[in-house]
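Position 1 is the first residue of the sequence; numbering continues from there.
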Amino acid sequence: MIGGASFTFSQDVQLTAKINGDTFRLGDWIDVAVDGKINNPIDTIAPAVKDSIGSFELVSTTRDGANPKWTLRVTSTDSGRVFLPPIPFAYKLKGDTATRIAYTNSFFLSLTGLSINPQGEIKDIKSPLWAPWLFEDFLPYILFVFLICAVSGAFYFFYWRKRKTGAAEEVKVVIPPHREALTALRVVEEKKLWQQGAVKEYYTETTEIIRRFFEKRWNIIALEMTTDDILDQMKHVPESLPIWKEIETFFCTADMVKFAKSQPSPSDHENEMKYAYDIVRSMVPKTPIVEQHSTPSPEQIQQEENKNVR
């Protein structure tokens with residue numbers, strides 16, 4: 001652990017912030033562990049930061065149960081020696097409505113980018129991650145074979161029908177949006193874009209597939225919307241709520257790469273594709289259950305008619 005002594009403007013609360021190491025790669029998530037010492041009885045205490053701490057973006061905040069211990073996960077797109085300022089915490093003493101502020105100690109961090117040899121050969125940073133195939137992964141290929149057979153049969157049928165009637169009917173095969181998206185994601189995955197240095201293209205193609213999927217699945221113009229507009233629209237879709245964190249992280253990470261020139265780690269690249277698959281699979285339409293009714297036999301119909309006659 002690297003960290004200094006407690007630095008606070010309050011005698012009621014003492015806060016000590018620590019981190020693992022002092023050198024990180026650009027775009028890495030950095031966990032700042034804050035340990036609090038309560039000197040006077042308090043009602044509430046929590047970090048008084050919303051989105052950012054200096055030049056660092058706040059990713060998440062978690063607390064260790066009821067203990068005065070927190071973990072603040074931050075990241076930054078700046079490089080070189082970067083200053084992480086004291087983190088403010090707001091608290092209230094018991095019996096007092098006034099809000100007071102206590103601060104942690106500050107840090108200097110070194111953020112470095114990936115070192116690339118322009119003369120070296122292109123190779124994978126690490127071996128591809130093996131993931132087990134699911135039935136949903138085979139569906140696009142099964143559908144493709146079925147589609148070929150269906151088109152061939154339709155062509156044969158309508159060709160001979162045209163010879164007999166002199167008219168042909170148009171055949172239109174509609175592919176469900178989720179199957180189309182899964183096939184497109186598999187194509188992008190097989191291109192190995194980020195492994196060849198085309199990181200921005202990788203995130204651009206992946207997010208475009210999910211945007212097109214939202215557009216066809218939920219009838220929203222996602223291809224023309226900003227990330228904030230898409231998230232605002234998806235809040236009204238019940239299927240998106242169980243995986244809301246994945247959706248938000250998926251689009252925000254892509255925006256950081258495309259607009260802030262962020263350089264995520266290889267594990268972030270793999271997670272981006274995993275989030276894309278999870279988003280599509282969680283929104284596959286449920287198959288309706290068809291209620292079956294039995295057909296009465298001729299004897300039952302005759303008995304019912306005899307009852308009506310009597």
S.K.: What are the two closest non-hydrogen atoms of Arg25 and Ser265, and how far apart are they?
M.R.: NH2-CB, 3.6 Å
S.K.: Same cluster for Phe24 and Leu72 if Ile/Leu/Val/Met/Phe/Trp/Tyr side chains link at under 4.5 Å?
M.R.: yes
S.K.: Report the C-alpha distance between Val237 and Arg217 in whole Å, list the side-chain angles of each, state the deciding distance to 0.1 Å, and finish with yes or no for side chain to side chain contact (heavy atoms under 4.5 Å, CB included).
M.R.: CA-CA 11 Å; Val237 177; Arg217 180 71 174 88; over 6 Å; no
S.K.: Measure the CG-CG distance between Asp43 and Asp96 for me, rounded to the nearest 0.5 Å.
M.R.: 9.0 Å
S.K.: I want to check something: taking the side chain as every heavy atom from C-beta on, are Ile30 and Phe56 in contact at a cut-off of under 4.5 Å?
M.R.: yes
S.K.: Hey, can you tell me if His269 and Tyr203 have their rings parallel, tilted or perpendicular (30° and 60° cut-offs)?
M.R.: perpendicular
S.K.: Is it true that Lys274 and Asp278 make a salt bridge, defined as a side-chain N closer than 4.0 Å to a carboxylate O?
M.R.: yes
S.K.: So that I can tick it off, tell me whether Glu190 and Arg186 are bridged by a salt bridge, with the cut-off set at under 4.0 angstrom between side-chain N and carboxylate O.
M.R.: no
S.K.: Measuring from atom CG of Leu109 to atom OG1 of Thr23, what distance do you get when rounded to the nearest 0.5 angstrom?
M.R.: 8.5 Å
S.K.: Is any side-chain heavy atom of Leu139 closer than 4.5 Å to one of Leu182?
M.R.: no
S.K.: Under a 3.5 Å distance rule, please check whether Arg211 uses its side chain to pair with a backbone N or O of Glu215 as donor and acceptor.
M.R.: no
S.K.: Just verifying a value: how many Å separate Tyr275 OH and Ile210 CD1, rounded to the nearest 0.5 Å?
M.R.: 13.5 Å
S.K.: Shortest non-hydrogen contact from Met234 to Ser240?
M.R.: O-OG, 2.6 Å
S.K.: Write out all pairs satisfying salt bridge (charged side-chain N to carboxylate O under 4.0 Å, His left out) with one or both partners inside residues 69-81, taking only residues at least two apart or from two chains.
M.R.: Asp31-Arg73
S.K.: Can Glu201 and Lys191 be counted as an ion pair, charged N to O under 4.0 angstrom?
M.R.: no
S.K.: Working note: Lys18 + Asp35, criterion side chain to side chain contact (heavy atoms under 4.5 Å, CB included); need CA distance, chi angles, decisive distance, verdict.
M.R.: CA-CA 8 Å; Lys18 299 179 180 179; Asp35 192 359; over 6 Å; no
S.K.: Can you check whether Ile53 reaches Val32 side chain to side chain, under 4.5 Å on heavy atoms?
M.R.: no
S.K.: Flag yes if Ile87 and Ile42 sit in one hydrophobic cluster, no otherwise; membership is Ile, Leu, Val, Met, Phe, Trp, Tyr, and two members link when side-chain heavy atoms are under 4.5 Å apart.
M.R.: yes
S.K.: Do Ile243 and Trp218 belong together in a cluster built from hydrophobic side chains that touch within less than 4.5 Å?
M.R.: yes
S.K.: Would you check if Ser76 and Leu111 make a side-chain contact, meaning some heavy-atom pair closer than 4.5 Å?
M.R.: yes
S.K.: Which value, rounded to the nearest 0.5 Å, describes the distance between Ile230 atom CD1 and Leu223 atom CG?
M.R.: 8.0 Å
S.K.: Is the number of heavy atoms from other residues, nucleotides or ligands within 6.0 Å of NZ (Lys200) greater than 12?
M.R.: no
S.K.: Any idea which heavy atoms bring Ala181 and Ile209 closest together, and the distance?
M.R.: O-CG2, 3.8 Å
S.K.: So if you build clusters from Ile, Leu, Val, Met, Phe, Trp, Tyr with side-chain heavy-atom gaps below 4.5 Å, do Ile247 and Val59 land together?
M.R.: no
S.K.: In the structure I gave you, are the side-chain heavy atoms of Tyr277 and Glu189 within less than 4.5 Å of one another anywhere?
M.R.: yes
S.K.: Using side chain to side chain contact (heavy atoms under 4.5 Å, CB included) as the criterion, point out the one residue from Asp255, Thr77, Asp268, Thr253 that pairs with Ser262.
M.R.: Thr77
S.K.: Does Asp232 use its side chain to pair, donor to acceptor, with the backbone of Asp228 at less than 3.5 Å?
M.R.: no
S.K.: Where do Asp22 and Phe108 land on the side chain to side chain contact (heavy atoms under 4.5 Å, CB included) test, with the steps shown first?
M.R.: CA-CA 7 Å; Asp22 57 2; Phe108 273 102; over 6 Å; no
S.K.: Is the side chain of Asp12 donor-acceptor paired with the backbone N or O of Asn40 at a distance under 3.5 Å, no angle test?
M.R.: no
S.K.: Counting distance only, does the side-chain N/O of Asn105 pair as donor-acceptor with the main-chain N or O of Thr16 below 3.5 Å?
M.R.: no
S.K.: Work out which heavy atom in Leu241 is nearest to a heavy atom in Lys235; give both atom names and the distance.
M.R.: CD2-O, 4.1 Å
S.K.: Applying side chain to side chain contact (heavy atoms under 4.5 Å, CB included) to Met273 and Leu185, what does each step give before you reach the verdict?
M.R.: CA-CA 8 Å; Met273 182 61 67; Leu185 288 173; 4.1 Å; yes
S.K.: Mind listing the closest non-hydrogen atom pair of Thr75 and Trp29 along with its distance?
M.R.: CB-CD1, 3.9 Å
S.K.: What's the separation between atom CG in Leu231 and atom CD in Glu248, rounded to the nearest 0.5 Å?
M.R.: 6.0 Å
S.K.: Would you mind reporting whether Ile45 and Trp70 have side-chain heavy atoms less than 4.5 Å apart?
M.R.: yes
S.K.: Which pair of non-hydrogen atoms, one from Phe83 and one from Ser55, has the smallest distance, and what is that distance?
M.R.: O-OG, 4.3 Å
S.K.: Would you give the length of the straight line joining atom OG1 of Thr44 to atom CG of Leu93, rounded to the nearest 0.5 angstrom?
M.R.: 9.5 Å
S.K.: Does some side-chain heavy atom of Met283 sit less than 4.5 Å from a side-chain heavy atom of Phe213?
M.R.: yes
S.K.: Please say yes or no: joined through hydrophobic side-chain contacts below 4.5 Å, possibly via intermediate residues, are Leu15 and Ile19 part of one cluster?
M.R.: yes
S.K.: Please examine the side chains of Val187 and Glu205, heavy atoms only from C-beta on, and report whether any two atoms are closer than 4.5 Å.
M.R.: no
